[in-house]
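Let me begin by presenting the structure, written as structure tokens, before commenting on it.
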Amino acid sequence: MSSSAEHGGAASGRAAADVPAGGPALSPHWAAWSREAAERAADGWPAMIEELRALQDAAAGTVPPADAVREASALLARVRELLEPYRVAAADQIFGRLLELPGRGQTLSPPLWITRHADDEITATTWFGPFHEGSHGAAHGGAVSLMFDDALGRVADLGGRPRSRTANLHVDFRSITPLRRRLAVRVRMTEQAGRKRYLQGTLQDGPRLCAEATGLFVEMRPGHQ
């Protein structure tokens with residue numbers, strides 16, 4: 001069994017390391033995977049994806065008049081036409097694979113700024129914009145769950161552990177998760193039994209607990225994708 005202490009370092013005895021915003025907190029496999037994607041990414045790709053993230057928030061948070069809708073639709077169609085000739089197979093995509101960036105070079109899940117990590121835990125911050133809103137200024141529960149899946153999965157494979165996949169994710173929503181503010185994330189691995197890895201995570205707005213999660217991740221067998 002492997003468990004983390006409530007504060008400070010991991011159970012392995014290694015002191016938690018301060019890291020630059022966003023990482024790196026990657027297993028060797030995911031670090032190599034990320035480097036390979038980064039080598040194929042054109043200059044400006046991360047900036048383009050961040051513009052797309054900002055566009056999603058703008059689309060979700062505005063009510064434009066008809067002329068602005070028509071112009072935006074035409075511009076978006078032009079962007080799609082510009083990108084379409086460069087479509088690749090799923091195995092060759094780089095969207096979501098720039099793991100050393102807070103948003104991973106994707107716009108589906110919220111960004112995760114990792115500030116401290118050890119083999120069995122991370123501390124980080126995240127941010128939910130209008131694109132992830134459920135209603136009445138609160139983040140959608142599915143978006144919160146997506147963030148936890150990313151964060152718990154990151155810890156499941158730290159410390160040189162082989163790759164794993166999510167087998168179970170349970171989220172308890174304790175209070176409203178607000179939009180447009182940095183929120184604190186903490187994840188730790190509480191137990192490892194054979195191929196099974198058990199993790200816990202919390203999401204807080206200052207002292208207030210917004211949500212907490214438990215997850216089971218299972219180590220992949222050799223040759224599985």
Side-chain angles (χ1 to χ4, degrees), residues 16-27 30-31 33-38 40-62 79 93-118 121-134 137-158 166 169 171 173 175-188 199-206 208-213 215 217:
D18 292 319
V19 296
L26 298 171
S27 68
W30 294 122
W33 198 62
S34 180
R35 284 195 300 271
E36 189 276 333
R40 294 189 292 111
D43 290 344
W45 168 271
M48 182 186 75
I49 296 302
E50 286 309 304
E51 285 293 339
L52 177 57
R53 186 184 292 276
L55 174 63
Q56 290 178 165
D57 280 340
T62 61
V79 171
Q93 292 174 5
I94 59 176
F95 186 86
R97 299 185 183 184
L98 303 182
L99 302 180
E100 295 192 7
L101 299 178
R104 295 194 291 109
Q106 54 82 49
T107 60
L108 177 62
S109 59
L112 195 66
W113 290 273
I114 297 172
T115 55
R116 196 168 175 82
H117 74 85
E121 66 179 331
I122 62 171
T123 57
T125 59
T126 191
W127 188 90
F128 296 87
F131 178 71
H132 292 117
E133 183 174 4
H140 193 287
V144 174
S145 299
L146 183 59
M147 182 280 299
F148 273 127
D149 194 21
D150 263 10
L152 270 65
R154 178 71 67 99
V155 175
D157 290 354
L158 283 179
T166 313
L169 180 67
V171 180
F173 301 98
S175 63
I176 293 297
T177 297
L179 303 177
R180 301 179 185 271
R181 57 192 299 170
R182 286 289 187 105
L183 305 172
V185 178
R186 182 159 185 218
V187 175
R188 63 190 182 101
L199 296 102
Q200 294 179 348
T202 58
L203 175 66
Q204 290 188 236
D205 179 20
R208 181 171 59 83
L209 180 63
C210 299
E212 54 189 344
F217 288 71

Donor-acceptor pair, side chain of Ser175 and main chain of Leu209, under 3.5 angstrom: yes
Spatial distance of atom CZ (Arg154) from atom CG (Asp149) [nearest 0.5 Å]: 12.5 Å
Side chain proximity check, Leu183 to Phe128, heavy atoms < 4.5 angstrom: yes
Arg182, CZ atom: more than 12 neighbouring heavy atoms under 6.0 Å: yes
Expected output: side-chain His132 to main-chain Leu108 donor-acceptor under 3.5 Å: yes
For the student: nearest non-hydrogen atoms of Ala211 and Val144, plus distance: CB-CG1, 4.0 Å
Side-chain donor/acceptor of Thr126 to backbone N/O of Pro111, under 3.5 Å: yes
Evaluation steps, side-chain contact (heavy atoms from CB on, under 4.5 Å), between Ile49 and Phe95: CA-CA 9 Å; Ile49 296 302; Phe95 186 86; 4.1 Å; yes
Any side-chain heavy-atom pair of Arg104 and Ser34 under 4.5 Å: no
Heavy-atom pair with the smallest gap, counting every atom of Ser145 and Val171: OG-CG2, 3.6 Å
Chi angles and distances behind the side-chain contact (heavy atoms from CB on, under 4.5 Å) call for Ser27, Trp33: CA-CA 10 Å; Ser27 68; Trp33 198 62; over 6 Å; no
Test item: Gln106 and Leu98 side chains (from C-beta on) under 4.5 Å apart, heavy atoms: no
Atom pair CD1/CD of Ile94 and Glu36 - distance to nearest 0.5 Å: 9.5 Å
Any side-chain heavy-atom pair of Leu101 and Trp45 under 4.5 Å: no
Name of the residue among Gln200, Arg186, Arg188 meeting side chain to side chain donor-acceptor pair (under 3.5 Å) with Glu121: Arg186
Crowding at CD, Gln93 (>12 non-hydrogen neighbours, <6.0 Å): yes
Minimum-distance pair of heavy atoms, taken over all atoms of Ala156 and Leu199: N-CD2, 3.7 Å
Closest non-hydrogen atom pair, Leu179 against Gly137: CG-O, 3.5 Å
Leu169 CG to Leu152 CG distance, which is reported to the nearest 0.5 Å: 6.5 Å
side-chain contact (heavy atoms from CB on, under 4.5 Å) evaluation trace for Phe131 with Thr107: CA-CA 10 Å; Phe131 178 71; Thr107 60; over 6 Å; no
CZ on Arg181 to CH2 on Trp127, rounded to 0.5 Å: 12.5 Å
Rounded distance (nearest 0.5 Å) linking atom SG of Cys210 with atom CG of Asp205: 5.0 Å
Other residues, nucleotides, ligands: >12 heavy atoms within 6.0 Å of Ile176 CD1: no
From Leu112 atom CG to Leu99 atom CG, the distance as rounded to the nearest 0.5 Å: 11.5 Å
Enclosure of Arg208 CZ (heavy-atom neighbours >12, cutoff 6.0 Å): yes
Shortest non-hydrogen contact between Leu158 and Ala118, atoms and distance: CD1-O, 3.4 Å
Under 3.5 Å donor-acceptor, Thr123 side chain and Thr115 backbone: no
